[in-house]
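Take a look at the structure set out below.
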Amino acid sequence: MATMARSSLLLLFALCVLFFSHASAVYNHGAAGPDAAGDGTKVYIVFTERQPTAAELSEEEAGAAVESFHHGLLGDVLDGSSSAPDRVVYHYSRSLHGFAARLTEEERNRLAGKDNVLSIHERVVYRPQTTRSWNFLGLPQHNDPVKFPFENDVIIGMVDTGIWPSSESFSDEGLPPPPAKWKGACVNFTHCNNKIIGARAYYNGSRNQSPLDAEGHGTHTASTAAGRAVAGASLGGLANGTARGAVPGARLAVYKVCNEEGCFAEDILAAFDDAIADGVDILSASLGTSRAFEYGDDLMAIGAFHAMRHGILTSVSAGNSGPFYGSVSNVAPWTISVAAVTSDRKIFSELVLGNGKRIMSNSINAFPNVGKRSFLVDPGSCDEDALADKKYKGAVLLCGVTYRAQAVKDTGAAGAITIGLRSDGDAAFSFPLPTASVSKKQYKEILAYYNSNTTRLPMAIVTSTRATKETAAPAVASFSSRGPNTVTYGVLKPDISAPGVDILAAWSPKASVSGSLSDEREVPFNIISGTSMACPHVTGAAAYVKSVHPHWSPAAVLSALVTTATRVSAAPDAEFAYGAGQVNPVRARYPGLLYDAGEADYVAFLCSQGYNSTQMAAMTGRAAAACPDEVSGAAGDLNYPSIAVPVLNYGVAFAAEFPRRVTNVGPADSVYRATVTTVPGIKISVVPDELAFSAENKTMSFTVSVSGKLRPVNGTLGASASLVWSDGRHHVRSPIYVFSLKHSDMMME
Ligand SMILES: *[C@@H]1O[C@H](CO)[C@@H](O)[C@H](O)[C@H]1NC(C)=O
Ligand SMILES: *[C@@H]1O[C@H](CO)[C@@H](O)[C@H](O)[C@H]1NC(C)=O
Ligand SMILES: *[C@@H]1O[C@H](CO)[C@@H](O)[C@H](O)[C@H]1NC(C)=O
Ligand SMILES: *[C@@H]1O[C@H](CO)[C@@H](O)[C@H](O)[C@H]1NC(C)=O
Ligand SMILES: *[C@@H]1O[C@H](CO)[C@@H](O)[C@H](O)[C@H]1NC(C)=O
Ligand SMILES: *[C@@H]1O[C@H](CO)[C@@H](O)[C@H](O)[C@H]1NC(C)=O
C-alpha cells in the first residue's frame, strides 16, 4: 500500500516536471552536448599526477608548464593529424591536477596506459535541483554591513546558472572593498561590485562565457545565501515581505556551469579549480543527479574533496527524487547534503465551481486579472492540434493531462484546469496562465459537475493565490530525496534539512517565471521549490558560522551545523528524510564540541570502503597508495557527527562500535555528560560517559556501542535514537539511526 502511494506520487511528480523544470533532477552519463560532434569523440576527464613546478614560477608560467605536460601526454596517444591543443577542453592546473579532452575510445584506452595518468572518467551531467524562511529559522534580520564586520570577510562561491546582478538583492551599498585574500576575477562581466566580487562562466572549454543568468536558478540561490534585505519583495503581490539571505554582508563569487543541456562535469571541475584558487570560503552547489554515484565516479564530489583539502566546505542539495528510500544523491561525507522541508507559509489557490464547491489547488496564480467568473469549456484535449484555430475567449478550459500552455493561451482562454501536479500539496507551482491543478479524483468531480444536466451553464472561478500560516511546518517535502546512502550505508545522508518549499527569492528577468517558454512575465522575485532552495540556506548558515570561526575546518563547520540542528519530528522516514533535523544557524555558531576530521580521516574512510590505489589517487590527486593492503576499518569509524547503523534484518541480534572524538570549542574548563535516548530492544552505551576538559581546543575520545535487535515500529524502516553531550549550556546532539538493510533494499525496488 505504502509502495503504491509512493509510485503514484512519482507519476504525479513526473508530470509536473514537464511544467517545472527547475525542480527536476535528471541524470545522464556522457549525454549529448558540445562533444557530440559526430567525429566519434567524447569528452573525458583525466586526472593526472601533480607535476612539481619550480617555486620561482609565476602562476601563468606554472600554468603553461602544466599545459605543455598535458599536451605531451595527449600527443602520444592521438590518432592521425589531430593536435593536442585542439582536443583539450580544459586544463585544471590551479587547484586540481588534470584536464578534460575530446577523445575517441581508442585514444582514451591508450591514454589510460600512460604513466602519470591516474584515472579517466566519462562526463557526468548534473542538473539544478529546483522569504520568510529566515525568520522561520530564527536568524535575526540585519542589513547593516558595519555591524557585522566579520561577515564581510566571508566569500561564498555559487556553482550554478549564473547571476542577474542588477537585482536589488545584490546591492553593495555600504560594503567595503573585497577582503585582501580575494584573488578572483570578473570575466566577461562588467557588473562586479562589493557584493558580487567574482564572476566566471564555463562552457565547451571556454572560460569567457557570460555569467549572466537566463535561468533564474542561480540568482535565486545566491540571494537566498547572501542577498541583501529587500522590503516589499513579492511575486505579483504574493508572499509580500522582506526577502533576504542569511549573511547579507558576505560576498558572492559566481561560477556559472550550467547550460540548457545541464551542468557538465568538465565545466563544474573548471569552476572548482578556479574557486579554490580564487579564495572562496564556502561553496554552494544546488546541482545533482537522480541517483548517488560512487565517490570516485562522482566528479563533483572529487572537486569538493579538493575544496575540503583547502579548508572549503561544499554544501550540496540532497536531490529531488523522493520520497523513495535510497534516492539521496551527493553523498560524500566531506560535503553537507541538504534535504528540503516546508516553512511556515503555505501557498495555495482554489477553484470555485458554479455550484459553490471549492477545490484546493497548489498552483501559483500571481496574475493581475485572476478571480473572474468564467464559463467552463471541455475542448476534449488541450494539445496544439486540438486547439488549433479555436477561440474560447474568457473561458476556463478542462485540460486534464493534455495541458499545453501556449496552445491554451492562443485560444484567448482565461484559465485552465489540469491534472497531474502533486496534489499532496507540499509545493506550489507556477503556470504561464491562471490554472487550477487538481488531483485525478477532484478532476472527476469537476467533470461530473460539468456534465450534470442542470439548466445553468457550468461556471468556475480560478482564484488568485493566497499565503497562509502552515502550522505543521517543518515537514519534509515529499520530493526531497531520502536515505539510506546507497554508496555507504554507514554514513547518514542527507545530513540536515532547510526550507525548500515555496521559497521567494531574487529572479532573473531573462528567465521564465513558470519554466514555460510561453510565459512572458518578467519578475524581480519568484517562488520556487526544491532541495536546490534548501542547499543555499545551509550554505548561508555555514558562512554565518565561518564569519565567527574563520579557521574551522569543513568537518568542523559540518559538525557545528549537524549537532545543533532542531529535530523535525513529523516524518515517517525519520533521519532518512531530514538528517539531523532543521538547520539552526544561531545555535551552530557556539556548538560547544566539534567532531572534527581532516583529509587523513577521509582517506582512511575511503580505504575502509575498499578503495584501491588508482581510485584513491584520482580522488586525492596523489599517486602514492594511501591504503594498507588489507581493507581495514569500517565506515562507522569516520569521526562523523551522526551515526548510521545498518543491521541485517528485524529481529537479528547485532552489535556495533563507533569510535568518536570531540574537540572542546567552548569554555576551557567544561565537563560534558552523555545522555542517550533509545527505543525498546536497542541498547546504547557511551564509554567514558563523562568528558572533563581542561583547555580550549582539547580533544577527547569515547566509544559508542549500539547493540540489540531492531523491531519494526509503526511500519517505519528504522529506529531513531540519539546521543547528546551536554555541559548544561551546550547540547551536542548526534542522531543515531538504526535501520534494516533487508527492508531498505525492498523499499528501494
Ligand atoms: C565546442 O568547441 C569545439 C572546439 O573548439 C568546436 O569544434 C565545437 O563546435 C564547439 N561546440 C559547441 C556546441 O559550441
Ligand atoms: C562574453 O559572453 C558572450 C555570451 O556568451 C559571448 O558572446 C562573448 O563573445 C563573450 N565575450 C568575450 C570577450 O569572450
Ligand atoms: C507589500 O507590502 C507593503 C507594506 O505592507 C506595501 O506597501 C506594498 O504595497 C505591498 N506590495 C504589494 C505588491 O502588494
Ligand atoms: C581499481 O579499481 C578500479 C575499479 O574497480 C579498476 O578499474 C582498477 O583497475 C583498479 N586498480 C587497481 C590498481 O587495482
Ligand atoms: C583554539 O583554536 C583556535 C583556532 O583554531 C585559536 O584561535 C584559539 O586561539 C585556540 N585556543 C587556544 C587556547 O589555543
Ligand atoms: C507509533 O505510532 C503511535 C500512533 O501514531 C505513536 O503514538 C507512537 O509514539 C509511535 N511509536 C514510535 C516508536 O514512534
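Keep in mind that what you see is a predicted model, and the values were worked out from it rather than measured. Order of appearance sets the numbers: ligands from 1, and atoms from 1 within every ligand. When a residue number appears, it is its place in the shown sequence, counting from 1. Worth knowing before you read on, the calculation uses all heavy atoms, side chains too, and leaves out hydrogens, waters and symmetry mates.
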For the residue pair Arg228 and Arg244, establish whether any side-chain heavy-atom pair is separated by less than 4.5 Å. no
Is it the side chain, the backbone, both or neither of Arg102 that has a heavy atom closer than 4.0 Å to ligand 1? side chain
Identify whether NZ of Lys or CZ of Arg in Arg94 sits under 6.0 Å from the centre of the six-membered ring of Tyr92 and within 45° of that ring's axis. no
Answer yes or no on whether Arg207 is positioned over the face of Tyr202, meaning its NZ or CZ is under 6.0 Å from the six-membered ring centre and within 45° of the axis. no
Could you list which atoms of ligand 2 come closer than 4.0 Å to a heavy atom of Gln209? 2 (O), 5 (O)
Which of the ligand 2 atoms, numbered from 1, are nearer than 4.0 Å to a heavy atom of Asn208: 1 (C), 2 (O), 10 (C), 14 (O)
So that I can tick it off, tell me whether Lys256 and Asp213 are bridged by a salt bridge, with the cut-off set at under 4.0 angstrom between side-chain N and carboxylate O. no
Indicate whether any N or O donor in one side chain lies under 3.5 Å from an N or O acceptor in the other, for Asn362 and Ser437. yes
Have Asp278 and Tyr255 got a donor and an acceptor in their side chains that come within less than 3.5 Å? yes
Output the set of protein residues with a heavy-atom contact under 4.0 Å to ligand 3, ordered first by chain identifier and then by residue number. Ser234, Gly237, Asn240
When every non-hydrogen atom of Pro536 is compared with those of Ser286, the smallest separation belongs to CD-OG, 3.6 Å
Partners meeting salt bridge (Lys or Arg N to Asp or Glu O under 4.0 Å) with Arg87 (sequence neighbours left out): Glu107
Hey, does Asp86 come in under 3.5 Å of ligand 1, counting only N/O atoms on both sides? no
